[in-house]
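Structure, as structure tokens:
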Amino acid sequence: MQVNPSRQDLILTALLIAAFTAVSVLYHRGVPSSDLMALYLAGQEYAAGNMAGLYPVAPVFDLSVPVDWRQLAAAHGLGDMVLYPFIYPPLWAAVMAPLSTMISPQTLFFAATVVNPILLGAGAVLTWRILRPAFTLPRWVGLCLLLALLSPIGLIALYQNQPQILVSCLILLAIERARADAPVAAGAVLALAAAIKLYPLFFVVIWLASGNRRAVLAFSAYGAALGGLSLLLAPIATHQQFLAQLAAVADTVVLTNLVYTFETALGQFALKGQFTLSAIGAGFVAAKPLWLGLLGKAALVAALALIWRAARRASSARLYTAIWPAALILVSLFGPLAWAYHYLTVTMFLPALLFRPTDRLLALALFLPLSLPVLTALSALPLPFFAGQLAATLALTGLAALFWARGQPDAAP
């Protein structure tokens, strides 16, 4: 198994990522980035001292934004763009504040358009280092980028300049550092990922189970430092608004063909007639009944318990080739809200399923509902339910099971 690529493979990989970046920039240049705009506008509000303008006030997460955001966007010539709410900790509004006073949102969008495809390529390289496959590095990276582009998982992330690309890269870096026996760096990087989007903290269960105490301690220390910094930069009331926003997300079922969770798949049938159009005019939302919320939480706890039990007994090879990729799916699948791009991390692991002929056929069959042509066709069917959402959710469940069942022999390094 390779750990260090040859000089020729490094050059080919760099050229491949550069070509991918150039094509992505040409295709996405000038496209408004609604997800990134939320960070920019939150930074503007922070810079202006308007802490009450960071988060919308709504009991249901209907994708509405603070009342003055449309006017702020219009001041930048973007009054007609779709606006999404800011759902990150106050720390990142503080980080964005100086940028929002120095550069235009269009400049920020362009910079992200250049950086994000590079990050995707870096994520593929990191996964190659995690799995140590028989594939050469250029071949592996090419497959990862191709699979990402064939699915809305990668396409929408690039189109929207989604911060999830950075979070996914950080998660992969944390896993790679743990396998490279650099636990302090692994814990620090995962803490940073969790400080942006909270769900990466669930992956600490793998380190707890496998006895990687130094990674857990580093995660705790750096996580506490980032939390303390956020409290230092923003008042308690703003953090309470952030927690209220998280509670609204947890209490809402968001229904589109691009949200892949257990709760949405079940909710689209159980809550029929209760959905209303979201504030952005795309997709539907409904208040989550208590029974569905409890069922979702129980499923997540059960998944974490299963991951913990398996990680406790696993060899190093199985931990990284089977349990980690399965966990990357299950944590999002049983969480309250996971858009397609939340599965970017596991997309970087998918070429591993192409090693064995039996895995290859099943993996390709499971990937089909996640591919853009099939998902588009399913979404266009005149059915009384969201066929694309259901098919993609079931496909991801199947991929988690396939990863869990396979892995590599214990003799692998």
Side-chain angles (χ1 to χ4, degrees), residues 10-11 13-44 76 78 81 84 86-89 91-129 137-138 140-142 144-149 151-177 185 188-190 192-197 200 226 339-345 347-348:
L10 282 174
I11 293 172
T13 302
L15 290 173
L16 177 62
I17 294 174
F20 174 74
T21 300
V23 172
S24 182
V25 169
L26 287 173
Y27 186 78
H28 296 109
R29 183 180 54 186
V31 175
S33 306
S34 297
D35 287 319
L36 201 54
M37 188 64 170
L39 278 162
Y40 185 91
L41 293 178
Q44 273 204 313
H76 296 288
L78 298 170
M81 77 178 296
Y84 291 152
F86 177 70
I87 56 174
Y88 303 93
L91 169 64
W92 304 109
V95 169
M96 287 298 301
L99 273 179
S100 69
T101 61
M102 292 187 294
I103 63 173
S104 68
Q106 291 86 346
T107 302
L108 179 64
F109 298 162
F110 180 76
T113 300
V114 174
V115 170
N116 280 331
I118 297 174
L119 286 176
L120 271 186
V125 172
L126 288 168
T127 315
W128 185 85
R129 288 181 55 82
L137 179 59
W140 179 274
V141 171
C144 286
L145 296 179
L146 176 62
L147 289 170
L149 287 181
S151 166
I153 291 173
L155 275 178
I156 291 178
L158 288 172
Y159 182 82
Q160 291 286 356
N161 278 320
Q162 236 296 324
Q164 182 65 43
I165 296 177
L166 172 60
V167 173
S168 296
C169 200
L170 289 172
I171 293 171
L172 292 171
L173 179 58
I175 301 171
E176 187 275 334
R177 289 291 80 199
V189 171
L190 192 65
L192 179 58
I196 302 172
K197 295 197 173 183
L226 287 167
W339 299 91
Y341 41 73
H342 278 80
Y343 298 96
L344 265 175
T345 44
T347 302
M348 301 291 107

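The shortest non-hydrogen separation linking Tyr341 to Ile156 is CD2-CG2, 4.0 Å. Closest approach of Pro117 to Ala112, counting heavy atoms only: CD-O, 4.2 Å. Across all their heavy atoms, Val189 and Ala174 have their closest contact at CG1-N, 3.9 Å. Closest heavy-atom contact between Met348 and Ala148: CE-CB, 4.3 Å. Listed here is the closest heavy atom pair of Thr107 and Ser104: OG1-OG, 3.0 Å.
Residues Trp339 and Asp35 form no side-chain contact, since every pair of their non-hydrogen atoms from C-beta on lies 4.5 Å or further apart. Under the 4.5 Å side-chain criterion, counting only non-hydrogen atoms from C-beta, Leu36 is in contact with Leu39. Using a 4.5 Å heavy-atom cutoff, the side chains of Val31 and Tyr159 are in contact. Using a 4.5 Å cut-off on side-chain heavy atoms (C-beta onward), Arg177 and Arg129 make contact. At a threshold of 4.5 Å between non-hydrogen side-chain atoms, the residues Leu119 and Asn116 count as touching.
With values rounded to the nearest 0.5 angstrom, Leu108 atom CG is found 8.0 Å from Ser33 atom OG. Atom CD of Gln160 sits about 9.5 Å away from atom CZ of Phe109, to the nearest 0.5 Å. A distance of 11.5 Å separates CG in Leu344 from CG in Leu147, rounded to the nearest 0.5 Å. The distance from atom OG1 of Thr347 to atom NE2 of His342, rounded to the nearest 0.5 Å, is 13.0 Å. In this structure, CG on Leu145 lies 8.5 Å from OG1 on Thr21, to the nearest 0.5 angstrom. Distance check: Leu78 CG to Gln106 CD gives 4.5 Å after rounding to the nearest 0.5 Å.
Residues forming a side chain to side chain donor-acceptor pair (under 3.5 Å) with Thr113 (at least two apart in sequence, or on another chain): Asn161.
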Donor-acceptor pairs under 3.5 angstrom involving side-chain atoms of residues 163-171: please list them, not counting sequence neighbours.
{"residue": "Gln164", "atom": "OE1", "partner": "Lys197", "partner atom": "NZ", "Å": "3.1"}
{"residue": "Gln164", "atom": "NE2", "partner": "Ser168", "partner atom": "OG", "Å": "3.2"}
{"residue": "Gln164", "atom": "NE2", "partner": "Tyr199", "partner atom": "OH", "Å": "2.8"}
{"residue": "Ser168", "atom": "OG", "partner": "Gln164", "partner atom": "O", "Å": "2.9"}

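Sorted by first then second residue, the ring pair (Phe, Tyr, Trp, His ring centres under 6.0 Å) pairs that include residues 21-40, not counting sequence neighbours, are Tyr40-His76.
Screening Leu16, Leu146, Leu120 for a side-chain contact (heavy atoms from CB on, under 4.5 Å) with Val141, the sole residue that qualifies is Leu16.
A donor-acceptor pair under 3.5 Å links the side-chain atoms of Trp92 to the main chain of Ala195, judged by distance alone.
More than 12 heavy atoms of other shown residues, nucleotides or ligands fall within 6.0 angstrom of atom CZ in Phe20.
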